[in-house]
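For reference, the structure is listed below as structure tokens.
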There are 2 protein chains.
Amino acid sequence: MLLTYDQILEQLKEKGINLSYQRLKVLDFLYKNQIHPTVEQIYLGLVKQIPTLSKTTIYNTLKILINAGLVREIPFKGRESCYDINLDPHGHFCCDSCNQIYDFQIDVNLIKSKDLEDFKIRDRDVYFKGVCSRCLSKI
Amino acid sequence: MLLTYDQILEQLKEKGINLSYQRLKVLDFLYKNQIHPTVEQIYLGLVKQIPTLSKTTIYNTLKILINAGLVREIPFKGRESCYDINLDPHGHFCCDSCNQIYDFQIDVNLIKSKDLEDFKIRDRDVYFKGVCSRCLSKI
DNA sequence: TAATATATTTGTAATCATTACAAAGTTAAA
DNA sequence: TTTAACTTTGTAATGATTACAAATATATTA
Ligand SMILES: [Mn+2]
Ligand SMILES: [Mn+2]
Ligand SMILES: [Zn+2]
Ligand SMILES: [Zn+2]
């Protein structure tokens, strides 16, 4: 379910979302830098190209993309939210030491609980914390 | 692994954490109101008994209890953090409509991913969002 | 084309939960 | 009692995010 760039554009058209220059660049950045960037990182990555760029525009664009279901927010506590264009079901690990966010394969749709039988589930987020292998090997 | 009150007191003793009057009251509140209260709720629940109580004390106490591994923070995005003295592995569901937080049974320790083989995992959080059965039936 | 309406971007100000900090108060040790 | 260590309290600072309105760009209409 990792959409191609064209599939994303198609989805946006379907949902009637106008792709301005700024919005296109934010989308580009997310697509080409699948490292769960923060608003700050997106801003720094684009402001050379678009000197007038405002962070508010990035926030607005991300909100639009999130509401359209094309981007996912990863709000680890104690750090800026970061954003993920990869909609494949997977979990996120944040390293206490280097603060980096790692994807890990896990089908969150397989997590069932009969306590939620009559609930309508919209989002399933799995967040792990600890120390990554790289940081462990540095000790 | 839901500790009895005495087990909690024992753990605190072991870890050299002094139980002041205020800390005891916060602990009491968490133990008697296992509804994932916020700092605000804890404050409102205790300030009649302790008119001089400060929210800073509640934040401090919670930090101490969290570091001691006796309380878990539930930081759903877009709302105050709430706090859980139930350390049994379980997931949390937040209803879009009534904003209430529900527990659901799920053994998070069973969530394995070979991508994390060499990682040291300290915390496993499962957060679901959607609409609860009560709100669904109201429609 | 010009005039008008609509959509988007931008910069600044406001928000608000949380944290930092230091003074005041409490308890323990000498 | 004196001193030190700990705890609480109130206030100020923080910082990511949101609210807002002016400026700019784009689309529509006459
Ligand atoms: Mn990811
Ligand atoms: Mn719980
Ligand atoms: Zn690391
Ligand atoms: Zn509900």
Side-chain angles (χ1 to χ4, degrees), chain A residues 9 12-13 15-29 36-68 70-84 94 99 101 127, chain B residues 9 12-13 15-29 36-68 70-84 94 99 101 127:
Chain A
L9 296 184
L12 289 169
K13 205 165 200 176
K15 310 210 176 191
I17 295 167
N18 197 1
L19 254 203
S20 69
Y21 179 69
Q22 286 87 341
R23 289 177 188 172
L24 181 72
K25 288 299 180 184
V26 169
L27 198 59
D28 261 10
F29 190 90
H36 313 99
T38 63
V39 166
E40 177 77 11
Q41 286 175 309
I42 298 170
Y43 177 78
L44 293 175
L46 295 179
V47 74
K48 289 155 203 157
Q49 260 190 289
I50 318 168
T52 63
L53 184 63
S54 156
K55 277 189 191 172
T56 301
T57 298
I58 299 171
Y59 278 109
N60 289 343
T61 301
L62 289 170
K63 186 168 283 173
I64 287 169
L65 296 173
I66 289 165
N67 288 340
L70 291 167
V71 165
R72 164 173 286 255
E73 183 175 5
I74 317 285
F76 268 100
K77 172 86 193 184
R79 48 169 296 160
E80 285 173 76
S81 274
C82 48
Y83 299 88
D84 196 350
C94 183
N99 216 26
I101 288 176
Y127 299 131
Chain B
L9 296 183
L12 288 170
K13 205 166 202 175
K15 310 210 177 190
I17 295 167
N18 196 0
L19 253 204
S20 69
Y21 180 70
Q22 287 85 342
R23 288 177 189 171
L24 181 72
K25 288 298 180 183
V26 170
L27 198 59
D28 261 8
F29 190 90
H36 314 99
T38 63
V39 166
E40 178 76 11
Q41 287 174 309
I42 298 170
Y43 177 79
L44 293 175
L46 295 178
V47 75
K48 289 157 204 159
Q49 260 192 288
I50 318 169
T52 62
L53 184 64
S54 157
K55 277 188 193 173
T56 302
T57 299
I58 299 172
Y59 278 109
N60 289 343
T61 301
L62 289 169
K63 188 169 281 171
I64 287 168
L65 296 174
I66 289 165
N67 288 341
L70 292 168
V71 165
R72 165 174 286 256
E73 184 177 4
I74 317 285
F76 269 99
K77 172 87 194 185
R79 46 169 296 159
E80 286 173 75
S81 274
C82 46
Y83 300 88
D84 196 350
C94 183
N99 217 27
I101 288 175
Y127 300 130

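Every chain is numbered from 1, with letters handed out A, B, ... down the list of sequences.
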* Asked: Is there a donor-acceptor pair closer than 3.5 Å between any side-chain N or O of B:Lys15 and the backbone N or O of B:Ala68?
  -> yes
* Decide if atom NZ of B:Lys13 counts as having more than 12 heavy atoms of other residues, nucleotides or ligands within a radius under 6.0 Å. =>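 No, the 6.0 Å shell around NZ holds no more than 12 heavy atoms from other groups.
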Please report the distance, rounded to the nearest Å, between [atom1] in [X] and [atom2] in [N].
| X | N | atom1 | atom2 | value |
| --- | --- | --- | --- | --- |
| A:Leu62 | C:dT8 | CG | P | 16 Å |
| B:Phe76 | C:dA17 | CZ | C1' | 17 Å |
| A:Leu19 | D:dT26 | CG | C1' | 14 Å |
| B:Ile74 | C:dT18 | CD1 | P | 13 Å |
| B:Arg23 | D:dT9 | CZ | P | 11 Å |
| B:Ile58 | C:dT19 | CD1 | P | 13 Å |
| A:Leu46 | C:dT10 | CG | C1' | 15 Å |
| B:Tyr43 | D:dT9 | OH | C1' | 11 Å |

* To do: Check A:Gln41 against A:Phe29 and note the closest heavy-atom contact, atom names and distance.
  => O-CZ, 3.7 Å
When you measure from the side-chain N and O atoms of [X] to the phosphate of [N], is any distance below 4.0 Å, counting only OP1 and OP2?
| X | N | result |
| --- | --- | --- |
| B:Asn18 | C:dT27 | no |
| A:Ser20 | C:dT8 | no |
| B:Gln22 | C:dT26 | no |

* **Sole residue of B:Ile58, B:Ile64, B:Val39 in side-chain contact (heavy atoms from CB on, under 4.5 Å) with B:Val26** =>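 One option only clears the test, and that one is B:Ile58.
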* To do: Answer yes or no: is there a side-chain heavy-atom contact under 4.5 Å between A:Leu46 and A:Gln22?
  => no
* Please examine the side chains of A:Asn99 and A:Cys94, heavy atoms only from C-beta on, and report whether any two atoms are closer than 4.5 Å. =>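 Result yes, sub-4.5 Å side-chain heavy-atom pair found.
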* Contact letters for nucleotides 10-21 of chain D, in which S counts primed atoms plus P, OP1 and OP2 and B counts the base, heavy atoms under 4.0 Å -> BB----SBBBB-
* **Point-to-point distance, once rounded to the nearest 0.5 Å, from CD1 of A:Ile74 to OG1 of A:Thr38** => 13.0 Å
